[in-house]
Q: 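This is the structure I have questions about; it appears just below.
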Amino acid sequence: MKTNKPRHGLPTDVDAVEAVEDAQIVLLPVIEGFGPYKKTLYLGNLTAAEDAGALKAANITESFNVSINIFPQDLALDDGTEIRRYQIGMIDGPGNSPYLLAGAVMTLQGLLHGYIKGKPHYPPHRCGNILVHCRGGRSRSVTVLALWMAAFCPERFASYEAALEHIRQLRDLPQTYPLPDMMALADHVISEKLLPGLLS
């Protein structure tokens, strides 16, 4: 028997300031016109991932969720385009494998360099931009983006730290983000050379 489970395993002890921000749309372009399909890469939060109007305005047709126990709803834009959902779930704390984080970075690289038109029975879709998100767009998604930028845009970002500082400024994040466990995980990915061309 099928039961209606909640789509989101959201924490109940969120800081009051974060809770207010989490209810608002966060959608920030990080890299514009990248790769053979000239996709723009956005950083955002769960609220943005579930807002058809905001996604349509940014021409986002794919979302990549890097949080665990959060499942954005199926969503169609007003032109009939179905948002394609991708996910590699990580916890914002201890326990993630560095290979999982590296896999998320490589998945993002694949999404930026390809486009699958689909088959006749697939939901309607068109090529567009990509949203990378977690719950708040402060830690997990920032880590994935900074690693991707350092690995695959070295002409613009000489290191992971340089890419991370760029996102912190763009997102107006304090130095306490990403959270310590994600920072340690990124350091592990870098020190173990799990991604090409990464410097600390």
Side-chain angles (χ1 to χ4, degrees), residues 21-22 24-67 72 75-88 101-118 124-174 177-178 182 186 189 195-199:
E21 185 182 73
D22 288 350
Q24 301 169 350
I25 293 169
V26 174
L27 204 55
L28 302 166
V30 176
I31 296 284
E32 298 187 28
F34 186 87
Y37 294 92
K38 304 299 180 190
K39 295 180 181 181
T40 295
L41 193 53
Y42 282 81
L43 166 65
N45 63 359
L46 175 61
T47 300
E50 296 191 314
D51 191 293
L55 298 179
K56 173 75 182 301
N59 192 33
I60 291 169
T61 60
E62 297 173 296
S63 72
F64 183 33
N65 173 18
V66 295
S67 52
L75 198 61
L77 306 182
D78 63 10
D79 65 0
T81 300
E82 293 273 347
I83 298 295
R84 282 186 180 164
R85 303 292 198 189
Y86 300 88
Q87 179 168 359
I88 291 183
L101 177 55
V105 175
M106 293 305 294
T107 297
L108 182 55
Q109 175 72 346
L111 292 175
L112 282 161
H113 278 82
Y115 177 68
I116 301 168
K117 291 183 179 179
H125 197 264
R126 60 180 170 77
C127 190
N129 299 323
I130 301 173
L131 167 64
V132 179
H133 74 93
C134 48
R135 175 177 59 87
R138 288 177 289 262
S139 189
R140 289 164 285 191
S141 52
V142 169
T143 304
V144 169
L145 282 165
L147 283 171
W148 176 83
M149 291 157 69
F152 296 106
C153 299
E155 69 286 351
R156 295 177 62 177
F157 304 99
S159 67
Y160 168 69
E161 285 297 335
L164 186 55
E165 194 53 38
H166 173 79
I167 298 176
R168 280 182 179 140
Q169 291 180 14
L170 180 70
R171 179 70 175 85
D172 196 23
L173 288 174
Y177 283 100
M182 289 307 297
V189 168
L195 291 170
L198 264 181
L199 300 173

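Here the structure is a predicted model, which means the values were calculated and not measured.
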Q: Can you name the salt bridge (charged side-chain N to carboxylate O under 4.0 Å, His left out) partners of Arg126, sequence neighbours left out?
A: Asp79
Q: Side chains of Pro178 and Leu164: closer than 4.5 Å at any heavy-atom pair?
A: yes
Q: Would you say that Gln24 contacts Thr47 through its side chain, given a criterion of any heavy-atom pair below 4.5 Å between the two side chains?
A: no
Q: Verify side chain to side chain contact (heavy atoms under 4.5 Å, CB included) between Val132 and Trp148, making sure each step is shown before the conclusion.
A: CA-CA 11 Å; Val132 179; Trp148 176 83; over 6 Å; no
Q: Donor-acceptor check, side chain of Asn129 to backbone of Tyr42, threshold 3.5 angstrom: yes or no?
A: no
Q: Give me the atom names and distance for the closest heavy-atom approach of Ile167 to Ala146.
A: CD1-N, 3.7 Å
Q: Nearest 0.5 Å, please: how far is CD in Gln87 from OG in Ser67?
A: 6.0 Å
Q: Quick one, Val142 and Met182 - any side-chain contact, counting heavy atoms below 4.5 Å?
A: no
Q: Taking all non-hydrogen atoms of both residues, which atom of Arg85 and which atom of Pro72 are closest, and how far apart?
A: CZ-CB, 3.6 Å
Q: Return the CG to CD distance between Leu55 and Glu62, rounded to the nearest 0.5 Å.
A: 12.0 Å
Q: Can you pull the side chain to side chain donor-acceptor pair (under 3.5 Å) pairs that have at least one residue in residues 137-147, sequence neighbours excluded?
A: Glu18-Arg138, Glu21-Arg138, Asp22-Arg138, Asp92-Ser139
Q: Taking atom CG of Leu131 and atom CG of Leu28, what is their separation to the nearest 0.5 Å?
A: 10.0 Å
Q: When you measure from the side chain of Lys39 to the backbone N and O of Gly114, does any donor-acceptor pair fall under 3.5 Å?
A: yes
Q: Check Ala54 against Leu27 and note the closest heavy-atom contact, atom names and distance.
A: O-CD2, 3.6 Å
Q: Could you report the tightest heavy-atom contact between Pro36 and His113, atom names first, then the distance?
A: CD-CD2, 3.6 Å
Q: May I ask you to test the Val26-His133 pair for a side-chain heavy-atom distance under 4.5 Å?
A: no
Q: Find the distance between CZ (Arg84) and SG (Cys127) and round it off to the nearest 0.5 Å.
A: 9.0 Å
Q: Check the angle between the aromatic planes of His125 and Tyr115 and answer parallel, tilted or perpendicular using the 30° and 60° thresholds.
A: parallel
Q: Tell me, with the steps shown, if Val105 and Val189 meet side chain to side chain contact (heavy atoms under 4.5 Å, CB included).
A: CA-CA 10 Å; Val105 175; Val189 168; over 6 Å; no
Q: Which heavy atom of Ala150 sits nearest to which heavy atom of Ala163, and what is that distance?
A: N-CB, 4.2 Å
Q: So, using ring pair (Phe, Tyr, Trp, His ring centres under 6.0 Å) as the criterion, who are the partners of Phe157 when residues are at least two apart?
A: His166
Q: For residues Leu145 and Leu108, determine if any side-chain heavy atom of one lies less than 4.5 Å from a side-chain heavy atom of the other.
A: yes
Q: Tell me which pairs pass salt bridge (charged side-chain N to carboxylate O under 4.0 Å, His left out) where either residue lies in residues 51-60, with sequence neighbours left out.
A: Lys56-Asp78
Q: Could you tell me if the side chain of Leu170 sits less than 4.5 Å from the side chain of Leu43, heavy atoms only?
A: no
Q: So how far is it from Leu46 CG to Asn65 CG, rounded to the nearest 0.5 Å?
A: 7.5 Å
Q: List the residues meeting salt bridge (charged side-chain N to carboxylate O under 4.0 Å, His left out) with Arg168, not counting sequence neighbours, and say none if there are none.
A: Glu165
Q: Run the side-chain contact (heavy atoms from CB on, under 4.5 Å) test against Thr107 and tell me which residues pass, sequence neighbours left out.
A: Phe64, Ile88, Leu111
Q: Apply the test side chain to side chain contact (heavy atoms under 4.5 Å, CB included) to residues Leu41 and Met149: give CA-CA distance (whole Å), side-chain angles for both, the deciding distance (0.1 Å), then the verdict.
A: CA-CA 11 Å; Leu41 193 53; Met149 291 157 69; 5.7 Å; no
Q: If you round to the nearest 0.5 Å, how far is CD1 of Ile130 from CD1 of Ile31?
A: 12.0 Å
Q: Could you go through Thr40 and Glu32, starting from their C-alpha distance and side-chain angles, then the distance that decides it, and tell me whether this counts as side chain to side chain contact (heavy atoms under 4.5 Å, CB included)?
A: CA-CA 4 Å; Thr40 295; Glu32 298 187 28; 3.8 Å; yes
